[in-house]
Each structure stands twice: as C-alpha cells, then as structure tokens.
Amino acid sequence: MPELPEVETIARGVHARVSGDVVHEAWFSTVPQTFQTPRTKQLRGLVGKKIFAVHRTGKHIVCELGTPQSHEPSAQWIVHLGMTGRLLVTTPDSVVPPHPHARLQLVSGRELRFGDPRRFGRLEFRDLNPTSRKKECKPFNAPGLDPLTITSGDFRALFKNRKLAIKAALLNQSLLAGVGNIYADESLFHSGIRPTLQAGKLSTPRLEILRLRLKEVLTHAIELGGSSVSDYVDANGVRGFFQLEHCVYLRTGEPCLTCNTPIRRIELAGRGTHYCPKCQR
DNA sequence: CATTTCACCTGGTGGC
DNA sequence: TGCCACCAGGTGAAAT
C-alpha cells in the first residue's frame, strides 16, 4: 500500500511516540513468509531492547535498537509494509484488527503493532556488527537513491541508455527508492511526460522537470500525511489527505483537471497506469 | 546484464 | 443475498 510519503509519515509517527521506550514483551504470528529473519530470532533480539529512533529508507521503516544502558544502537528491526501492512502505536486494550503479525508491548504501556492482510509485508531483524562482512550484520540501507535528495546529475545518469518505459524505471527500487504506482503516475502527469516513453530517450530538460515535479509531489504528499486510497492509516490510525490531490491515479474516464480530456488507463510493467493523452506526450 | 512476466495473498466493489 | 470477475499502495524469482 505505502509508498515513500506514507512510509515517511508512519516512520515519523512511530518515532514520535516510541523512541526512548523499551520492549517489554513481544508476540509474533506464525505466518512464515512475514518473517525475513526467523521469528524466534526476532523475538529474542527485540525483548529488552530500547528503541533509540525510527526512520525511513526507501519504503522500509527502520527501528534502531540497543540495550537500555547503551547509547549506540546495536540492532535494527526493519518493517516493510508491502501493499496492506499497517504499523500502529496503540494502547494495549484497543481492538486488534484482523491479520495481526507482531505486537510489541512497551515498558510505557503502549503497543507497537504490525498487521497485514495480504501478507506482502516483511519483518527483518539485524544484529549490527561493524566488524562482520555479512550483509545481515550491516545497517540496512535501501538500494536505490532517495528521490527527495537526488541531484540532477545522478537523476539523469539513472535513466541514461535505458530501454524500458520511464514509468517502469521510476518503479524500479534499485534505481530510485520509494516511488510506487501512485506517485509514478502523478509525477509523470505533472511533468507532461507519457508513461510509455523510453527512459533513455528523454531529454535532459525533461528529466530535470521530472526530478523536480517528483520531489514536489512527494513533499506535498508528506505534508498531507500520504494518500489513503482504501485503507492506509498512519501510526496513530489517521488517514492521509493526498488522495484528494490525485490528478490521474484511479481517475480512469474522468476529465483531466487541466484540459477535460478523459483520463486513460493502460497496463504497464504489470501495473494500472493512468495518464492524460493530451497533456502527456 | 537488462527487461518482462508472474506468483504471492486477501478483500472491496460492482455487475448480474 | 450470492457468485464472479476484476481491481488494489509491492517485489523478488524465473523466464526471455
């Protein structure tokens, strides 16, 4: 469900409410595919740990953990929400929605809960060990570059000589980390770029427009708490408002807000793709 | 290596 | 009310 703005909103909300808190007890479901790291190892690793900070990288939420006495994080709990994952900070007595997968009871009395009906989300635990060369001992980092901070030169270089459609390139997380279906469609609309154009054929000025519009769209969406299309809510259970600003996403057949031409829907890279045939060329 | 397709899941919606 | 087709915020593995 969640793309960069939703994940950023959740990470901020969780950070605000649980940093400094300590994991008292933990419960995990037995759904195997949810646990990137074996659930027993996650249980052992989390209980008794202090949460120093929570932040986003790409579409991942990273909780920095350590012993309550220390000041340096020595482990990480990494949450990927998939399509329908939710990460919520609640009171212990609040109703547990269907499909719960993790419940961390905190010393403050709060609970950090993860639930996910479609089970595309993943939970991962890392014991950080600076001397180890193993990947699972290194701090987690999204593979692609962050669209909020990427430079013009790096942005251009990502797409150079690429034969795939620009929309498919935007969705590739090893190029840009955090862009998903909504913000790919919306940023291409605001850039006047047809999603099917070959990424490598876009001129430097058009790529620069895309970089700027993408950053604007994502920043604006973060300010509005993300897009709630069906069921997305932030760490406090509150819906976002950016869906009210969507110009093309899920507006098939409705008039373009600029020129009144009906919005067209095609399939591209296996995803529904929405664009204005007149404004985007 | 670059690119495309598909499987993985549950649930909501709208047509009949 | 039920049944069915279709759609949905993601991504990794397999195929090409």
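Just so we're clear, the structure is a prediction, and the values are computed from it rather than from any experiment. Letters A, B, ... are given to chains in the order of the sequence lines, protein chains preceding strands, and every chain is numbered from 1.
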Thinking salt bridges, do [X] and [Y] make one under a 4.0 Å N-O criterion?
X: A/Arg56; Y: A/Asp146; result: yes
X: A/Glu267; Y: A/Arg271; result: no
X: A/Arg126; Y: A/Glu124; result: yes

- Query: For A/Arg39, which residues count as a side-chain contact (heavy atoms from CB on, under 4.5 Å) partner, sequence neighbours excluded?
  - Reply: A/Phe28, A/Thr30, A/Phe35

Tell me every residue that passes salt bridge (charged side-chain N to carboxylate O under 4.0 Å, His left out) with [X], counting only those two or more places apart in sequence or in another chain.
X: A/Lys167; result: A/Asp185
X: A/Arg119; result: none
X: A/Glu136; result: none
X: A/Glu186; result: none

I'd like a table of donor-acceptor pairs (distance under 3.5 Å, sequence neighbours excluded) in which one partner is a side-chain atom from residues 215-224 of chain A, with atom names and distances.
{"unit_1": "A/Glu216", "atom_1": "OE2", "unit_2": "A/Arg213", "atom_2": "NH1", "d": "3.3"}
{"unit_1": "A/Thr219", "atom_1": "OG1", "unit_2": "A/Lys215", "atom_2": "O", "d": "2.6"}

- Item | Strand-adjacent residues in residues 263-272 of chain A, judged by heavy atoms under 4.0 Å from DNA chain B |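 Contacting residues: none.
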
- Quick one, which residues of residues 133-162 of chain A touch DNA chain B with a heavy atom under 4.0 Å?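 Close to the strand are A/Arg162.
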
Nucleotide [N], atom [atom2] - distance to [atom1] of [X] in whole Å:
X: A/Ile182; N: C/dG10; atom1: CD1; atom2: C1'; result: 12 Å
X: A/Leu164; N: B/dT4; atom1: CG; atom2: C1'; result: 10 Å
X: A/Gln198; N: B/dT3; atom1: CD; atom2: C1'; result: 12 Å
X: A/Glu6; N: C/dG10; atom1: CD; atom2: P; result: 9 Å
X: A/Leu171; N: B/dC6; atom1: CG; atom2: P; result: 17 Å
X: A/Glu3; N: C/dT11; atom1: CD; atom2: C1'; result: 13 Å
X: A/Asp116; N: B/dC9; atom1: CG; atom2: P; result: 12 Å
X: A/Ile78; N: C/dT11; atom1: CD1; atom2: P; result: 15 Å

- Item | A/Phe120 over B/dC8, stacked by centroid distance under 5.5 Å, angle under 30° |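 Stacking is present between B/dC8 and A/Phe120, given that their ring centres fall under 5.5 Å apart and the planes under 30°.
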
Please tabulate the protein-to-nucleotide N/O contacts below 3.5 Å involving nucleotides 11-16 of chain B, giving atom names and distances.
{"unit_1": "B/dG11", "atom_1": "OP1", "unit_2": "A/His99", "atom_2": "NE2", "d": "2.6"}

- Message: Take N1-N3 plus N6-O4 or O6-N4 for Watson-Crick, N1-O2 plus O6-N3 for G-U, both under 3.5 Å. Which runs of 3 or more such pairs involve DNA chain C?
- Response: B:2-8 with C:10-16, B:10-16 with C:2-8

- Does the pair A/Thr9 and A/Asp234 meet the rule for a side-chain hydrogen bond (donor to acceptor under 3.5 Å, both in side chains), with working shown? CA-CA 6 Å; A/Thr9 302; A/Asp234 69 13; over 6 Å; no

- Message: Is the phosphate of C/dG10 approached by A/His80 (side-chain N or O, under 4.0 Å from OP1 or OP2)?
- Response: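 No, A/His80 has no side-chain N/O under 4.0 Å of OP1/OP2 on C/dG10.
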
- Query: Quick one: is A/Lys59 getting a side-chain N or O under 4.0 Å of the C/dT11 phosphate, OP1 or OP2?
  - Reply: yes

- Are the aromatic ring centres of A/Phe189 and A/Tyr183 under 6.0 angstrom apart?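 Ring centres of A/Tyr183 and A/Phe189 not closer than 6.0 Å.
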
- Task: Evaluate the ring planes of A/His274 and A/Tyr249, with Trp represented by its six-membered ring, and classify them as parallel (under 30°), tilted (30 to 60°) or perpendicular (over 60°).
- Result: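 Ring orientation, 0 to 90° scale: perpendicular.
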
For nucleotides 13-16 of chain C, give me every protein contact, N/O to N/O, under 3.5 Å, one pair per line with atom names.
none

- Item | Residues forming a side-chain hydrogen bond (donor to acceptor under 3.5 Å, both in side chains) with A/Thr149, sequence neighbours excluded |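 With sequence neighbours excluded, A/Thr149 shows a side-chain hydrogen bond (donor to acceptor under 3.5 Å, both in side chains) to no residue whatsoever.
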
- Query: Taking atom NZ of A/Lys138 as the centre, does the number of heavy atoms from other residues, nucleotides or ligands within less than 6.0 Å exceed 12?
  - Reply: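 Yes, enclosed.
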
- Task: Could you work out which one of B/dC8, C/dT11, C/dA8 sits closest to the side chain of A/Gln173?
- Result: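 Of all the options, the side chain of A/Gln173 is nearest to C/dT11.
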
- Query: So among A/Leu175, A/Leu145, A/Thr204, A/Leu210, which one has a side chain to side chain contact (heavy atoms under 4.5 Å, CB included) with A/Phe155?
  - Reply: A/Leu210

